[in-house]
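Have a look at the structure below before the remarks.
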Amino acid sequence: MTFRKTLKHWYSNNKRELPWRQTKDPYFIWLSEIILQQTQVKQGLPYYGKFVDEFPSVFHLAKAEESDVLKLWQGLGYYSRARNLHATAKYVVDELNGEFPNNYKGLLKLKGVGDYTASAIASICFNQASAVVDGNVYRVLSRYFGIDTPINSSKGAKEFKQLAQELIDTQDPATFNQAIMEFGATQCKPQNPDCAICPFNISCIAFNNNKVNELPVKLKALKVKKKYFNFLVLISSNQKTILEKREGQGIWQNLYQFPLIETDKNMSFETFKQFAETHDLIKNKTFDLSLYNQEVIVHKLSHQHLYTKFWIVTIDSPLKVGVPLSEIREFAVPVLIGNFIESFNFSSF
DNA sequence: AACTCGGGGTA
DNA sequence: TACCCAGAGTT
């Protein structure tokens, strides 16, 4: 049996029922694909439901404020996806009359849509035979064909894309693309794939050479940087605090946080107190300082570890500007901040 | 080609 | 710990 046929047969017997498999509407397929970039189905599923409910069409999404889109995206990570999602919705409505491009080349022009996502939408919605190559496809192909080219190299990207393109079922590219990803996600898993019951185990090169655990090959990443984050949680006599929008480059763009003092090493109570006395928001005011978390909180991102302290600064005077403590949950914040807000008892002030 | 961008899950 | 996830954009 051919690779194509075996795969198709496996898929018809093993595919999961997922909400975005009930439609070929490019809006819903696009939405699901953006959510699922570098995100497991289990994690993305509830977000897909929230977005479909809140924004049932591209017109609804285009009309929204970016802050509301980010709030709904809160916790999912890679927030540029949310910003690009919103920008693309506006573009599709304003420039394309609400109609998504109906081919790979046109889709590729959309912000946040790269080779993978353009291929996924083109095949699923428009029956175009453009092969998807995601993490699942790299794993399946590298094992089945015994290819040890690093998947995160430009050579590897080209090689695997070409191979997938040769294999794709041109009569039913939508099913082929989804099947190979589903197979990688639930059967040909990164760890402990159940090769004993795999329909490909007779011809799989990795299995027959006992190299399943060595493939795919991936060049190792650089080591993570350490950063020391000190958040200034101000609480005024009129129950307000300060939240700032993160602007410019870097993580968490356009999300909110407490005023941040970043240092190159751990900050002691005394050092922070001296610092606070000269801080624009506090100086010349009577304040009381306490450290919320006695143990430093380590928040781990892909390329950084954030060693975090939340400093509670209560001041006797009222604050004119700022956010009422009762409204603090309306802002889109990173998980690090969100966890603090959920655990800190603001209502006691 | 190298870097950056999150957060959750698994072994 | 280390690695992975229905990758994309920037430099």
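Labels below follow one simple rule: chain letters A, B, ... track the order of the sequence lines, proteins then strands, and each chain is numbered from 1.
Nucleic acid contact for A/Ile34: none, since no nucleic acid atom lies under 4.0 Å from a heavy atom of the residue. Note on A/Lys155: nothing from the nucleic acid sits closer than 4.0 angstrom, heavy atoms only. Backbone-only engagement by A/Gly250 is indicated by non-hydrogen atom pairs under 4.0 Å involving sugar-phosphate atoms exclusively.
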Requested in this report: Begin with the C-alpha distance, continue with both residues' side-chain angles, and end with the deciding distance and a verdict on side-chain contact (heavy atoms from CB on, under 4.5 Å) for A/Val298 and A/Thr308.
Outcome: CA-CA 6 Å; A/Val298 186; A/Thr308 308; over 6 Å; no

Report task. Take A/Phe258 and A/Phe340 through the test ring pair (Phe, Tyr, Trp, His ring centres under 6.0 Å) and record every step on the way to the result. Result -> CA-CA 11 Å; A/Phe258 300 102; A/Phe340 167 76; 5.7 Å; yes

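Only the P atoms considered, B/dG8 is 22 Å distant from C/dA8, to the nearest whole Å. Comparing C/dA6 with B/dT4, their P atoms sit 25 Å apart, to the nearest whole Å.
Salt-bridge formation is detected for the pair A/Asp115/A/Lys161: a Lys NZ or Arg NE/NH1/NH2 atom is positioned less than 4.0 Å from an Asp or Glu carboxylate oxygen. With salt bridges taken as basic N to acidic carboxylate O contacts below 4.0 Å, one links A/Glu342 and A/Arg329. Between A/Arg21 and A/Glu182, at least one side-chain N (NZ, or NE/NH1/NH2) sits under 4.0 Å from a carboxylate O, which counts as a salt bridge.
As rounded to whole Å, 13 Å separates atom P of B/dA2 from atom NE2 of A/His303. Atoms CG (A/Asn339) and C1' (B/dG6) sit 13 Å apart, rounded to a whole Å. Atom CD1 in A/Ile297 sits roughly 19 Å away from atom P in B/dG6 (whole-Å rounding). Distance, A/Leu70 CG to B/dC5 C1': 14 Å, rounded to whole Å. Rounding to whole angstrom units, NE2 of residue A/His299 and P of B/dC5 are separated by 12 Å. Atom-to-atom, CD of A/Gln304 to P of B/dT4 comes out at 8 Å; the value is rounded to the nearest Å. Going from atom NZ of A/Lys300 over to atom P of B/dG9 covers 15 Å, rounded to whole Å. Counting to the nearest Å, the C1' atom of B/dG8 and the CG atom of A/Leu301 are 12 Å from each other.
Side-chain contact between A/Val92 and A/Tyr27 is absent, with no heavy-atom pair separated by less than 4.5 Å.
Considering only side-chain N and O atoms, A/Trp252 lies nowhere under 4.0 angstrom from the phosphate OP1 or OP2 of B/dT4.
Follow the hydrophobic side-chain contacts under 4.5 Å out from A/Leu110 and you reach A/Phe59 in the same cluster.
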Requested in this report: Any chance you could list the contact pattern along nucleotides 3-11 of chain C? Use B for base contacts, S for sugar-phosphate-only contacts and - for none, protein heavy atoms under 4.0 Å, 5' to 3'.
Outcome: -SBBBSS--

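Annotation: of the two residues near DNA chain B, A/Asn152 and A/Gly75, the 5′-most nearest-nucleotide partner is A/Asn152.
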